[in-house]
Amino acid sequence: MDNCIFCKIIKGEIPSTVVYEDDVMIAFKDLNPVAPVHVLMIPKMHISSAAEITEENAHVVAHIFNKAKEVAEIMGIGNSGFRIVNNCGENAGQTVMHLHFHLIGGKTLLWP
Ligand code: AMP
Ligand code: ZN
């Protein structure tokens with residue numbers, strides 16, 4: 001999508017610190033980290049939110065979750081644990097309309 005900031009990050013038009021990339025996804029550091037490790041895992045395919053996951057595109061979501069442990073290991077938190085968060089839509093506070101999964105860790109996280 002032309003005016004999507006995460007599509008621009010994928011194309012390299014907006015700088016980011018990429019920590020993992022393959023054919024399906026990239027993972028890059030969040031600009032405003034809420035924990036010592038805060039990475040965004042996003043599909044290269046533009047899907048606007050978790051509400052737009054379908055039979056046809058769900059394989060990219062499965063791929064991202066399959067790779068999450070590897071991304072966590074790259075970030076040095078493979079053993080200490082991590083949280084994966086998705087904000088979907090207005091009430092959840094989604095601010096970027098390109099599906100993204102926050103991978104957060106590096107400290108004890110409070111819940112909720
Ligand atoms: P959400 O509120 O779930 O939509 O999360 C959007 C996330 O994207 C926020 O944590 C922002 O800090 C992050 N973000 C926005 N723009 C950028 C950017 N250019 N590079 C890295 N992270 C970004
Ligand atoms: Zn996009």
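What's counted below: heavy atoms across the whole structure, side chains too, no hydrogens, waters or symmetry copies.
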- Hey, are the side chains of Glu73 and Asn79 touching, using non-hydrogen atoms and a 4.5 Å cut-off? no
- Task: Decide yes or no for Asp30 and Val39: does some side-chain heavy atom of the first lie under 4.5 Å from some side-chain heavy atom of the second?
- Result: no
- Task: Could you tell me whether the side chain of Met75 reaches within less than 4.5 Å of the side chain of Lys29, counting heavy atoms only?
- Result: yes
- Message: Restricting to non-hydrogen atoms, name the atom on Val60 and the atom on Ile47 that form the minimum distance, rounded to 0.1 Å.
- Response: CG2-CD1, 3.6 Å
- Message: If we ignore hydrogens and angles and just use 3.5 Å, is the side chain of His98 paired with the main-chain N or O of Pro43 as donor and acceptor?
- Response: yes
- Contact summary for Leu110 and Arg83, nearest pair of heavy atoms: O-NH1, 2.9 Å
- Query: Applying the side-chain contact (heavy atoms from CB on, under 4.5 Å) test to Phe82, which of Ile104, Leu103, Leu109 qualifies?
  - Reply: Leu103
- Query: Met97, Met45: one ILVMFWY side-chain cluster at the under-4.5 Å cut-off?
  - Reply: no
- Query: Do Lys44 and Met25 have side chains that get closer than 4.5 Å, going by heavy atoms?
  - Reply: no
- Item | Smallest separation among heavy atoms of Gln94 and Ser48, with atom names | NE2-O, 3.0 Å
- Query: Is any side-chain heavy atom of Asn3 closer than 4.5 Å to a side-chain heavy atom of Met1?
  - Reply: yes
- Whether Phe28 and Phe6 hold their rings parallel, tilted or perpendicular, with breakpoints at 30° and 60°: perpendicular
- Same hydrophobic cluster for Phe65 and Ile53, using side-chain heavy-atom links shorter than 4.5 Å among ILVMFWY? yes
- Task: Please examine the side chains of Phe101 and Val61, heavy atoms only from C-beta on, and report whether any two atoms are closer than 4.5 Å.
- Result: yes
- Indicate if Leu40 and Ile74 have the same hydrophobic cluster label, given that clusters are the connected sets of ILVMFWY residues with side-chain heavy-atom separations under 4.5 angstrom. no
- Message: If you define the side chain from C-beta out and look only at heavy atoms, does anything of Ile9 sit under 4.5 Å from Ser16?
- Response: yes
- Query: Can you name the closest pair of heavy atoms from Ile64 and Ile42 and give their distance?
  - Reply: CD1-C, 3.8 Å
For residues 84-91, dump all side-chain donor-acceptor pairs below 3.5 Å to protein atoms at least two apart in sequence or in another chain.
| residue | atom | partner | partner atom | Å |
| --- | --- | --- | --- | --- |
| Asn86 | ND2 | His100 | O | 3.1 |

- Query: Got a sec, which residues hit side-chain contact (heavy atoms from CB on, under 4.5 Å) with Glu55, two or more places apart in sequence or on another chain?
  - Reply: none
- For Val34 and Lys107, which heavy atoms make the closest approach, and how far apart are they? O-NZ, 3.7 Å
- With side chains defined as the heavy atoms from C-beta onward, is the minimum distance between His46 and Cys4 less than 4.5 Å? yes
- Euclidean distance, Ile10 CD1 relative to Glu21 CD, rounded to 0.5 Å: 9.0 Å
- Note on the structure: Heavy-atom closest pair (Ser49 atom, Leu99 atom, distance to 0.1 Å) is C-CD1, 3.8 Å
